Amino acid sequence: MNPLSTASAAVSTSLLEDFSLEMTGKDVPKLEEARDSIPQGTRINVTFLGNENLAMRVEASRAVKRLGFVPVPHISARRLGSRGEFEEFLAVLRADGTAANVFTVGGDPTHPEGPYEDSLALIETGLLREYGVRHVSISGYPEGHPDIAGDVLWSALREKSASIAGQELGGSVITQFGFDVDPVLDWLEKVRAEGITLPVRIGVPGPAGVRRLMSYAARFGVGTSASIAKKYGLSITNLMGTAGPDKFLRALADGYDPARHGDIKIHFYTFGGLRATSEWIAQFRKDNLV
């Protein structure tokens, strides 16, 4: 790993002071394995996947709390079959003391499985606050969304931000991961120009195999042209290799201006590699101490 310039290193490591991680309901054993390499109090998002059930999601949130981290359970609007199912999930989280922080997202199903079309619908029920939620994270898409028009995304971001503020809840935005810093910085400027002041956690892939990274990028509509891949450090001719976000974080540090881009932090998509990601972060910070 090549050390950064002093200025870039300072910004890069400061951005990692309060990073967050992501795991699935099946990743509890991996979290146990990685626990000693993750700082206590780290926010860990727990996904809401279609192939996982309520018990699995709840147990994962419990494990996050038990191990000394802050659980951020996801709630997928389109995967909820009814208001009752929504309230059941929130009630269990409240009983466990894991309801304070949640991430709301529309979800993958083309058609809602119940009454909620999108995450705004969840927020506007008022149930989050009623069941003890105090901080709501919402999604952001610097490179757009393959199935949602750009103007719809911006309208949704404004409306969700306003609804969160109107209910006097804390909030933040977590972006989809990407390999190119330029659209991220451009998007951040527009977010602030729109009057949205929520802190933003920039989605970054943890170190992973190139084939896996390319597969997820294709699924989520993330740009992977040859030039972008080269900037990130991906070798699209060597799919058996691995890549970490070194260059991405360096470029982000170089381009970041708090006056224009506001409050940002880093959110790592671990793709199941909790230990690999947390150890990579620790090594990155060690190598770039200033």
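Bear in mind the structure is a predicted one, so any value in this text is a computation, not a measurement. The basis for the numbers below is simple: all heavy atoms, side chains too, and nothing from hydrogens, waters or symmetry mates.
Every residue two or more places apart in sequence or in another chain that forms a side-chain contact (heavy atoms from CB on, under 4.5 Å) with Thr47 is listed here: Glu22, Thr24, Leu49, Glu52, His74. Under the rule for a side-chain contact (heavy atoms from CB on, under 4.5 Å), Pro115 has no partner lying at least two apart in sequence or in another chain. Residues that satisfy the salt bridge (charged side-chain N to carboxylate O under 4.0 Å, His left out) test with Glu130, not counting sequence neighbours, are absent from this structure. Residues forming a side-chain contact (heavy atoms from CB on, under 4.5 Å) with Asp257 (at least two apart in sequence, or on another chain): Ala259, Arg260, His261. Residues satisfying the salt bridge (charged side-chain N to carboxylate O under 4.0 Å, His left out) test with Glu124, not counting sequence neighbours, are none. Under the salt bridge (charged side-chain N to carboxylate O under 4.0 Å, His left out) criterion, Arg35 pairs with Glu32, not counting sequence neighbours.
A donor-acceptor pair under 3.5 Å is absent between the side-chain atoms of Ser161 and the main chain of Arg158, judged by distance alone. The closest donor-acceptor contact from the side chain of Lys65 to the backbone of Asp96 lies under 3.5 Å. Although no hydrogens or angles enter the test, the distance criterion places no donor-acceptor pair under 3.5 Å between the side chain of Glu194 and the main chain of Ser155. With Ser37 contributing its side chain and Ala34 its backbone, the two residues share a donor-acceptor pair below 3.5 Å. Judged purely by atom type and a 3.5 angstrom limit, Thr98 uses its side chain to pair as donor or acceptor with the backbone of Leu93.
Both Trp154 and Ile138 belong to a common hydrophobic cluster when Ile, Leu, Val, Met, Phe, Trp and Tyr are linked at side-chain heavy-atom distances under 4.5 angstrom. No continuous path of hydrophobic side-chain contacts links Met23 to Val70 [ILVMFWY only; heavy atoms under 4.5 Å]. Val58 and Met56 fall into different hydrophobic clusters, defined by Ile, Leu, Val, Met, Phe, Trp and Tyr side-chain heavy atoms under 4.5 Å apart, directly or through other members.
Between Asp118 and Lys160 there is no salt bridge, since no side-chain N of the basic residue sits under 4.0 Å from a carboxylate O of the acidic one. Using a cut-off of 4.0 Å between Lys/Arg side-chain N and Asp/Glu carboxylate O, Arg78 and Glu117 are scored as salt-bridged.
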Exercise for the section: Test salt bridge (charged side-chain N to carboxylate O under 4.0 Å, His left out) on Asp18 and Arg201 and set out the steps. Expected result: CA-CA 10 Å; Asp18 182 25; Arg201 288 184 175 270; 3.1 Å; yes
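For the pair Leu120/Ser163, a side-chain contact is recorded, criterion being any heavy-atom separation below 4.5 Å from C-beta on.
Both tests pass for Arg57 against the ring of Phe48: distance under 6.0 Å to the centre and angle within 45° of the axis.
Using cut-offs of 30° and 60° on the angle between ring planes, the pair Tyr269 and Phe271 is parallel.
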